[in-house]
Protein chains: 6
Amino acid sequence: MRTVVVTDPPRADAETVDALAAHGVATVHEAMGRTGYLGPGIRPVHLGSRIGGTAVTVLSWPGDNLMIHIAVEQCRPGDVLVVTTTSPSTDGMFGELFATALQHRGVRGLVINAGVRDVAELHAMGFPVWSAAVSAQGTVKATPGAVNVPVSIAGQPIHPGDAILADDDGVVCVPREDVPAVLEAAEARAAKEAATRAAFRRGELGLDRYGLRDRLPAMGIEYVTWS
Amino acid sequence: MRTVVVTDPPRADAETVDALAAHGVATVHEAMGRTGYLGPGIRPVHLGSRIGGTAVTVLSWPGDNLMIHIAVEQCRPGDVLVVTTTSPSTDGMFGELFATALQHRGVRGLVINAGVRDVAELHAMGFPVWSAAVSAQGTVKATPGAVNVPVSIAGQPIHPGDAILADDDGVVCVPREDVPAVLEAAEARAAKEAATRAAFRRGELGLDRYGLRDRLPAMGIEYVTWS
Amino acid sequence: MRTVVVTDPPRADAETVDALAAHGVATVHEAMGRTGYLGPGIRPVHLGSRIGGTAVTVLSWPGDNLMIHIAVEQCRPGDVLVVTTTSPSTDGMFGELFATALQHRGVRGLVINAGVRDVAELHAMGFPVWSAAVSAQGTVKATPGAVNVPVSIAGQPIHPGDAILADDDGVVCVPREDVPAVLEAAEARAAKEAATRAAFRRGELGLDRYGLRDRLPAMGIEYVTWS
Amino acid sequence: MRTVVVTDPPRADAETVDALAAHGVATVHEAMGRTGYLGPGIRPVHLGSRIGGTAVTVLSWPGDNLMIHIAVEQCRPGDVLVVTTTSPSTDGMFGELFATALQHRGVRGLVINAGVRDVAELHAMGFPVWSAAVSAQGTVKATPGAVNVPVSIAGQPIHPGDAILADDDGVVCVPREDVPAVLEAAEARAAKEAATRAAFRRGELGLDRYGLRDRLPAMGIEYVTWS
Amino acid sequence: MRTVVVTDPPRADAETVDALAAHGVATVHEAMGRTGYLGPGIRPVHLGSRIGGTAVTVLSWPGDNLMIHIAVEQCRPGDVLVVTTTSPSTDGMFGELFATALQHRGVRGLVINAGVRDVAELHAMGFPVWSAAVSAQGTVKATPGAVNVPVSIAGQPIHPGDAILADDDGVVCVPREDVPAVLEAAEARAAKEAATRAAFRRGELGLDRYGLRDRLPAMGIEYVTWS
Amino acid sequence: MRTVVVTDPPRADAETVDALAAHGVATVHEAMGRTGYLGPGIRPVHLGSRIGGTAVTVLSWPGDNLMIHIAVEQCRPGDVLVVTTTSPSTDGMFGELFATALQHRGVRGLVINAGVRDVAELHAMGFPVWSAAVSAQGTVKATPGAVNVPVSIAGQPIHPGDAILADDDGVVCVPREDVPAVLEAAEARAAKEAATRAAFRRGELGLDRYGLRDRLPAMGIEYVTWS
């Protein structure tokens, strides 16, 4: 691993990211052609938040949070800190002291493919976290890693400056250069979903709305009455 | 797999199912001789609901929600949709648009041995869900499966029309023909539990109430004082 | 296994345990030199509680809660019941009837390396539980085990009378004889954390506060500008 | 659970089962329309066996092998013992003494959704086992279950007398009444596979053989040259 | 954690350990009253070995093998190295260079609750390993731990000098002071098993040999003929 | 997802890849600064192979092997097929017919982050496989994906044409452009390991060879005699 801290990567445009965040993780994931999702293993510690921001990425050694200390300094208002480890770990690498420092810098939340602790305090101070685990297990500050390099969670690449959106469905990453196009696609999808929602409320069926009914016989699906 | 949609299976009697639902999952599971439980892997997405209804069953290909679209049309007021896949999957096969369509038809909730998404929206609209995962990962509508065939979750067979009860402890399935007898057994058990609860509040011990104390020596259990 | 019930083990001093509990699991774990934590697999069923007490330990056969019945009688005000099984199990060994009996005796909560049920009722009655699973699956009372013997959860030994502290971060065990020293260490750590919190609120960085910045070059960490 | 031992269930025809076994698990699973597979969680303890036989089913309490003792007596030459538990367990419920008794009765192997032990000895005596775990953890004989009732593993129902086929790919169950038809389908599939194998050896592509190439544009798949 | 290296702990008597090892893990576990087993999560990397020796214990930080380097020096002929980590890790902490050093010192094998690598080379050189994982992921030498302190794997305490027995069923630990008594109990059990084996070969049933048949009606087990 | 097939990506130089393969996965992973490893979840189906080749990558829908059919045509002698899915799946997407087609084209093996089947046949024909699961569960050919796009397994990016090395320790990916430098580093490391091996065979300790002994006091590690 190249033990490097990359400073001042370009960020996705803040206003566009904010507009995108309003659409929610599932809609944005669909708008990207069903890509970008960090998987069901990264969950909100508390339900009820929805945030968007730009990624500052951290690659840490398991059981070691040295690189998070370094990353704090690289954070700006509107960022989301994204942390992963070089091999799987559930240790509690992040707690309320880190959150205090990040809130001071205007960071909107944490996405971590490892553990967090002080979760009652994090909730009380309004700092939202999406993590792979909750664990009180403490860590050391002994082994180097990297900040603002490309990382990958659940098969999904994340580059510094990418848009990170998170809500109760989990986390999605939108590549920086795609943010404007994805916003457009998300708005189109949201409009379409609104129309479908209205139709479903009137009793229309997806079977008809999506033109599925006529395709069923060719798929070999037959209807039989209970006997 | 026979790719079939079975229409109009007989349902367990709605009133009896409602009476049964009041007893809660753990009591009904005990009343059935400790059977019918769908296991600790199926959890409520939000705590605090308790429902009962009759099963409409769906067997889907992983990553594909075509059969849920077909199943919506087979649902009636008082049903609970029960979905499983032919091999393990965490994909988000179900979201708020489906829930909108099901609420229109009077469906009481969803039990799914896979993933759901839009969970903030599902909670806001009051549509309770028990699932194996929360995932934004979207699905296609390409591969056939079956509706209203027998399925199995965690070793527990579920037939269309069976009673499905769900609360914070998970989900239990009561075979349609057993519903009246299980209601009787659940009422008997609830009465017994009420008496035990009262006794425990007075300080009686299970050791005495269940006649265990006298059996301990034969089991080889000895009491020793700390030294 | 020696099938034994040890009566009247000495307990950690109640007042010291209460003082320790106020510091929270993560702080106490750090104060013990990062030991004592029961791991991320033991989670609160409901978020929002923080308790402390003295351990009454139970070693049960999987699928069998006989020994919990025996253990109830050994509990005193200020205890926390700690249950594990001889091999991994998720069965719902504990429910609201047990909680009723324990509340009568002044027990403060349950830590169980297996499943619990009646979790809505447990929450309503204010009996906090930390468990490895929620499961309605019932158990029998057929096979002996032990009460108040040393047990181990997630590699952490727990002796009867040890201090058990639990909150939203999980559970930590403090050996009985170490409780006074750990309280002192926890108070020192809390004071240090308060100073750090204040510094971070003013914008100081951990990188500087912990003297890390000067050590980075020796670790081979280099800063590069994005290109 | 009804604690019952069903005697003398009808078995699938032995000769047909033997003919079917020759085709291997994957081919038979395909011949059944991709059903009947007990999932990737049931694995051979040692690679290199391929067996077929008729199911004697056992439903046991976790950590308890009483019902296996009862089931031995129900076994006949050509049977395969199929064991599952009422809740998940990895305990070593079966070892070489059981295998000795079963070999005496002409039983061909064991399929168990739990643990086995003495696996070196089982291999030495030529008794093949497919299991969810290997574990030395011993069990008791205290709690009743059932023999020759329908059970379910990985969502797959298994009835006494069904054909059980097992090889390095795992285990498949063929319902007793379907055995002749599945044999026919398996033979047809094997013939088709032989032709495909010969074609592939000559360099033909599946893309052409299965008529996929023409469908790719409609699926939106485009070919682009590396740039 | 106290970062300490304890030198020259007393070992269980070598000859008695060797006699015990001949009985195999499952038999010794039973002879100890079904205790001492390190669980199904610790598996032989290659099947076919059976060893016994005295424990040198190591407690390491995850992703860090510094303490194994220290432990090598503490090993004597007849020892087995037993390694665990302060939180779960699958990293490859041990490879053929360590095995070369240990073979030079007469160490009989490795038991590790984490990962190993160079497994082809380990097999070629005849150094048997039981581990929680195989992983090429390398580790650092940065964070202290402890050697020859009590550790715990799968709820089982292990002290330096305890007897460690390992075969294809996994690993069992016998407390040093219990080794002579456990050898006696294992010999008694082996004799009993030999008699049972002979009886089973003659066709006797466990149902009769263990006196179970008469107890079945009281357990509520009834026999019914297939209908 | 862009449903695309990229043709003729540049490959790492075949001879250099072959030279690299001789060093084994663990050594190459170390030579890359402890990067590139696909994690302990990808295991050889049979132990005893060591291969190297250039990646043809496949991104498939779960339960669907359409894209593998397309990928076969893109394979050349010296390639290794690398398959992953858009969400986790254990289905048996690959069997001996595919292996027959790939052997015809000179492909050296398969790395798949999902399931394989026909594993006895694959072994018999000498086609080595590293996979996340073995499963007979069949798949469909209905949903598009991509061939020769960047994919990621266990946080490790893999580009078409990268060098893939696999042995009993798992799989490592070396970026195409880094192959010559990594070969050099691997040779240097192998030489160093040979010297260390010789030293360890003479009884030298890692503690001394790596200069660790003098650093122990500063780390707070103390030696104490057993008391």
Q: Using a 4.5 Å heavy-atom cutoff, which residues in residues 210-227 of chain B come close to chain C?
A: B:Y210, B:L212, B:R213, B:R215, B:L216, B:M219, B:G220, B:I221, B:E222, B:Y223, B:V224, B:T225, B:W226
Q: Go through C:I68, C:T143, C:L66, C:V45 and name the one with the most non-hydrogen pairs under 4.5 angstrom from chain B.
A: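 Answer, by heavy-atom pair count under 4.5 Å with chain B: C:L66.
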Q: Considering all heavy atoms of both residues, which atom of B:L102 and which atom of B:C75 are nearest to each other, and what is their separation?
A: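 Smallest heavy-atom distance, with atoms named: CD2-SG, 3.9 Å.
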Q: I'd like to verify something: which residue of C:D8, C:V119, C:N148 has the highest number of heavy-atom pairs under 4.5 Å with chain B?
A: C:V119
Q: As a test of understanding, state which of B:V83, B:I164, B:L81 forms a side-chain contact (heavy atoms from CB on, under 4.5 Å) with B:V56.
A: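 Testing each of B:V83, B:I164, B:L81 against B:V56, the sole residue satisfying side-chain contact (heavy atoms from CB on, under 4.5 Å) is B:L81.
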Q: Between B:S135 and B:D91, do the side chains contain an N or O donor and an N or O acceptor separated by less than 3.5 Å?
A: no
Q: Is there a donor-acceptor contact under 3.5 Å linking the side chains of B:R209 and B:T196?
A: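 B:R209 vs B:T196: donor-acceptor pair found between side chains.
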Q: Verify the distance criterion only: is there a donor paired with an acceptor across the side chains of B:T54 and B:D79 at less than 3.5 Å?
A: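 B:T54 vs B:D79: donor-acceptor pair found between side chains.
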Q: Which bit of C:A142 is near chain B, if near means a heavy-atom gap under 4.5 Å: side chain, backbone, both or neither?
A: backbone
Q: So which residue, B:G206, B:G203, B:G170, ends up with the most heavy-atom pairs under 4.5 Å with chain C?
A: B:G203
Q: So which part of C:V147 gets closer than 4.5 Å to some heavy atom of chain B, the side chain, the backbone, both or neither?
A: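 When you check distances to chain B, no heavy atom of C:V147 falls under 4.5 Å.
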Q: Is there a donor-acceptor contact under 3.5 Å from the side chain of B:R76 to the main chain of B:R105?
A: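 No: the side chain of B:R76 does not pair with the backbone of B:R105.
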Q: Using heavy-atom distances under 4.5 Å, tell me whether C:Q103 contacts chain B through its side chain, its backbone, both, or neither.
A: neither
Q: Can you check whether C:D162's main-chain N or O pairs, donor with acceptor, with C:R176's side chain at less than 3.5 Å?
A: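 No, the answer is negative, given that no donor and acceptor are paired below the 3.5 Å cut-off.
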Q: Closest heavy-atom contact between C:H29 and C:Y37?
A: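 Taking every non-hydrogen atom into account, ND1-CB, 3.7 Å.
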Q: So, taking the atom named CG in C:D118 and the one named CZ in C:F94, what distance separates them when rounded to the nearest 0.5 Å?
A: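 Result: 9.5 Å between the selected atoms.
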